[in-house]
Amino acid sequence: VQLQASGGGLVQAGGSLRLSCAASGGTFSRYAMSWFRQAPGKERSFVAVISMGGSSTDYTDSVRGRFTISRDNAKNTAYLQMNSLKPEDTAVYYCAAGYNFNVRPARYAYWGQGTQVTVSS
């Protein structure tokens, strides 16, 4: 499956962005979908995951209550709604598709190209 992430940009602290991850070339509903992020000089880290059918989600503690992951299997697209953004959310955000509901990057077989999110103070 091929993944295309979009929706990043520059936003002031407290603002919102919605990231999208469009999938093609596979059966989207067979994959758990996740978002990871990587800030300069840091390792890629887990942000959020959603199960194949969308009934289960999980978040890293730093974004819980501010970010919402969702998916539309009819549109082969996953989303990450990011509210109350903080400067520490600045990173390249990657979407990933995997066969299991998991928070470890190594468990994901397919990755999008990344989209930059910059939050100014």
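Numbering starts at 1 and runs along the sequence shown.
- A side-chain N or O of Thr118 and one of Gln116 form a donor-acceptor pair less than 3.5 Å apart.
- The residues Asp89 and Lys86 are annotated as not salt-bridged, no charged nitrogen and carboxylate oxygen being separated by less than 4.0 angstrom.
- Using a distance-only test at 3.5 Å, with no hydrogens or angles considered, a donor-acceptor pair links the side chain of Arg66 to the main chain of Ser84.
- Across Thr68 and Tyr59, no two heavy atoms sit closer than the pair CA-OH, 3.4 Å.
- By the neighbour-count criterion of 12 heavy atoms within 6.0 Å, atom CZ of Arg107 is sparsely surrounded, having that number or fewer from other residues, nucleotides or ligands.
- Under a hydrophobic-cluster definition in which Ile, Leu, Val, Met, Phe, Trp and Tyr are linked whenever side-chain heavy atoms come within less than 4.5 Å, directly or via other members, Val117 and Trp35 are assigned to the same cluster.
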List the steps, then state whether side-chain hydrogen bond (donor to acceptor under 3.5 Å, both in side chains) holds for Asp72 with Thr77.
CA-CA 5 Å; Asp72 185 337; Thr77 304; over 6 Å; no
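- Within the 6.0 Å centre-distance limit, the rings of Tyr99 and Tyr31 are counted as a close aromatic pair.
- Between Phe46 and Phe36, the ring planes are perpendicular. Angles over 60° get that label, and only those under 30° would be called parallel.
- Residue Arg30 qualifies as open at atom CZ: its count of foreign heavy atoms under 6.0 Å is 12 or below.
- Closest non-hydrogen pair, Cys95 versus Ala5, comes out as SG-CB, 4.0 Å.
- Hydrophobic clustering (ILVMFWY, side-chain heavy atoms < 4.5 Å, transitive): Leu85 and Leu19 are in one cluster.
- Scanning all heavy atoms of the two residues, the minimum distance from Leu3 to Tyr110 falls at CD1-O, 3.6 Å.
- Side-chain atoms of Thr115 never come within 3.5 Å of backbone atoms of Ser6 as a donor-acceptor pair (strictly under, hydrogens ignored).
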